[in-house]
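Values below: all heavy atoms of this structure, side chains included; hydrogens, waters and symmetry mates excluded. One-based numbering along the sequence shown.
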Amino acid sequence: AKATWTFIKAMLETGNVDRIYLDQSLINVLRRYARLQEGLTAEEVDRIFPPPGTPKVWSMTGVVQHVAGHRNHLHLRVLCDDGQQSQ
């Protein structure tokens with residue numbers, strides 16, 4: 001969890017992340033890690049990761065979103081200089 005969180009945090013700090021796709025089982029681990037080990041507040045965690053039980057992907061506000069089949073890798077969608085999405 002530490003290495004993945006360190007990577008995600010570094011990417012978020014760039015300000016150029018649109019979305020990060022990851023399996024929910026890993027999202028749950030990272031939520032706990034960020035809260036307990038990194039000291040983020042519940043609100044900070046919810047801004048990064050979708051709150052548990054969010055029913056629809058398109059209504060999620062978190063940057064890190066569940067996508068099935070992403071248990072051993074993640075996809076990072078970044079914003080280009082003109083604000084457009086890129087992969």
Side-chain angles (χ1 to χ4, degrees):
K2 182 178 182 179
T4 303
W5 168 250
T6 300
F7 175 74
I8 289 173
K9 182 179 173 188
M11 293 299 97
L12 292 176
E13 288 173 352
T14 70
N16 292 320
V17 175
D18 177 52
R19 295 281 182 230
I20 297 173
Y21 300 128
L22 195 58
D23 188 81
Q24 188 65 48
S25 63
L26 297 175
I27 291 171
N28 295 341
V29 169
L30 289 167
R31 284 179 61 89
R32 265 190 311 279
Y33 182 85
R35 192 78 171 94
L36 300 175
Q37 302 298 319
E38 297 292 321
L40 273 66
T41 66
E43 293 79 22
E44 289 170 323
V45 170
D46 284 348
R47 277 196 301 269
I48 298 169
F49 303 100
T54 302
K56 302 173 191 161
V57 171
W58 55 87
S59 69
M60 288 184 185
T61 57
V63 175
V64 180
Q65 295 185 355
H66 165 73
V67 175
H70 288 74
R71 287 186 180 179
N72 62 356
H73 70 285
L74 59 80
H75 286 186
L76 173 68
R77 293 183 61 97
V78 297
L79 297 172
C80 297
D81 289 337
D82 60 3
Q84 296 291 321
Q85 294 178 355
S86 178
Q87 270 187 322

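- Side-chain contact between Leu30 and Val64 is absent, with no heavy atoms from C-beta onward closer than 4.5 Å.
- Taken to the nearest 0.5 Å, the CE atom of Met11 stands 12.5 Å off from the NZ atom of Lys9.
- No continuous path of hydrophobic side-chain contacts links Val29 to Leu12 [ILVMFWY only; heavy atoms under 4.5 Å].
- Rounding to the nearest 0.5 Å places CG of Leu26 at 14.5 Å from CH2 of Trp5.
- Looking at heavy atoms from C-beta onward, Arg77 lies out of side-chain contact with Val17 at the 4.5 angstrom threshold.
- With contacts defined as side-chain heavy-atom distances shorter than 4.5 Å, the pair Asn28/Phe49 does not qualify.
- Using a 4.5 Å heavy-atom threshold, the side chains of His75 and His70 count as touching.
- Contact of the Ile27 side chain with the His66 side chain is registered, since non-hydrogen atoms from C-beta on lie closer than 4.5 Å.
- Counting heavy atoms from C-beta on, the side chains of Asp23 and Leu74 never come closer than 4.5 Å.
- Between Asp46 and Arg31, some side-chain heavy-atom pair lies under the 4.5 Å cut-off.
- Put simply, CD1 on Ile20 and CD on Gln65 are 10.5 Å apart, with the number rounded to the nearest 0.5 Å.
- Residue Glu44 holds its CD atom at 11.0 Å from CD of Glu38, rounded to the nearest 0.5 Å.
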